[in-house]
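Heads up: the structure comes next, in structure tokens.
Hydrogens, waters and symmetry mates are skipped; everything else that's a heavy atom, side chains included, is used. Because the structure is predicted, anything quoted here is derived from the model rather than measured.
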Amino acid sequence: MPYNDFFMPEISEINAESDNGTTRDFEFECAFATLGFQPIVLCIGSDRVTGDCLGPIVGQMLVERKANAFVYGTLDRPVTALNLKDAIAHINGAHIGKKVLAIDSSVGRLSDVGKIRIAFGSIAPGSADGKKLPKVGDVSITATVTDPRKTPLSAVRLGTVYTLANTIATRIIKCLQ
């Protein structure tokens, strides 16, 4: 497929909205209030696929900004489909009783590209690719990075993913203070 056939949203189209269309941090603050002190932040994704690297970029930013949380999944040590079960087992053994914030990229409709959603409850990583991975998280954050009918995950612009990751990391740091 020629490069020009891929839909590549401009940075100005990234709106980082929550489900109800607001850009307030209220949803983040409510979710973080349920997670407790020094939550577990599980950032899921592969650094080898641009559209799937949202989680590792968020994790890297949180570590570099010294977030007051236990962060799993960075660019250096990503949590992917290959090691997710091991990561969950480690977290369950090392952090008994702690709540988990799961972060992952998602695919959706073209009108949802650039939206960030926070929800109470788990996510099912890899479900868009038909993978049967364990659900994870007490609270979850997802960001829609592409409409796969327009642009495959491997061709998503890094600028799009980076902008969303920065917004998520900034909101998390704010809520942890």
Ile116 side chain near Leu164 side chain, heavy-atom distance below 4.5 Å: yes
Beyond-backbone contact of Ile141 with Ile123, side-chain heavy atoms, under 4.5 angstrom: no
Distance-minimising heavy-atom pair for Gly108 and Thr144: N-CG2, 3.6 Å
Heavy-atom side-chain proximity of Asn68 to Gln177 below 4.5 angstrom: no
Pair Ile44-Val136, side-chain contact (heavy atoms from CB on, under 4.5 Å): steps then yes or no: CA-CA 10 Å; Ile44 303 163; Val136 64; 3.7 Å; yes
Main-chain N/O of Ser46 paired to Asp52 side chain as donor or acceptor, under 3.5 Å: yes
Flag side-chain contact, heavy atom, 4.5 Å: Ile172 against Leu101: yes
Distance-only donor-acceptor check, side chains Arg65 and Thr170, under 3.5 Å: yes
Any Ser105 side-chain heavy atom under 4.5 Å of Val145 side chain: yes
For residues 89-99, dump all side-chain donor-acceptor pairs below 3.5 Å to protein atoms at least two apart in sequence or in another chain.
residue : atom : partner : partner atom : Å
His90   : NE2  : Tyr72   : OH           : 3.3
Asn92   : ND2  : Ile88   : O            : 3.3
His95   : NE2  : Tyr72   : OH           : 2.6
Lys98   : NZ   : Phe37   : O            : 2.7
Lys98   : NZ   : Gln38   : O            : 3.1

Ile57 vs Tyr162 side-chain heavy atoms within contact, under 4.5 Å: yes
side-chain contact (heavy atoms from CB on, under 4.5 Å) between Thr34 and Asp138, intermediate numbers included: CA-CA 9 Å; Thr34 68; Asp138 298 289; over 6 Å; no
Backbone N/O of Thr142 and side chain of Asp104: donor-acceptor pair under 3.5 Å: no
Thr50 side chain reached by Arg157 side chain, heavy atoms, under 4.5 Å: no
Minimum heavy-atom distance between Gly45 and Pro78, given as atom pair plus value: O-CB, 3.5 Å
Sub-4.5 Å side-chain heavy-atom contact between Leu84 and Leu42: yes
For Gly55 against Cys43, the heavy-atom pair lying closest together: O-CB, 2.9 Å
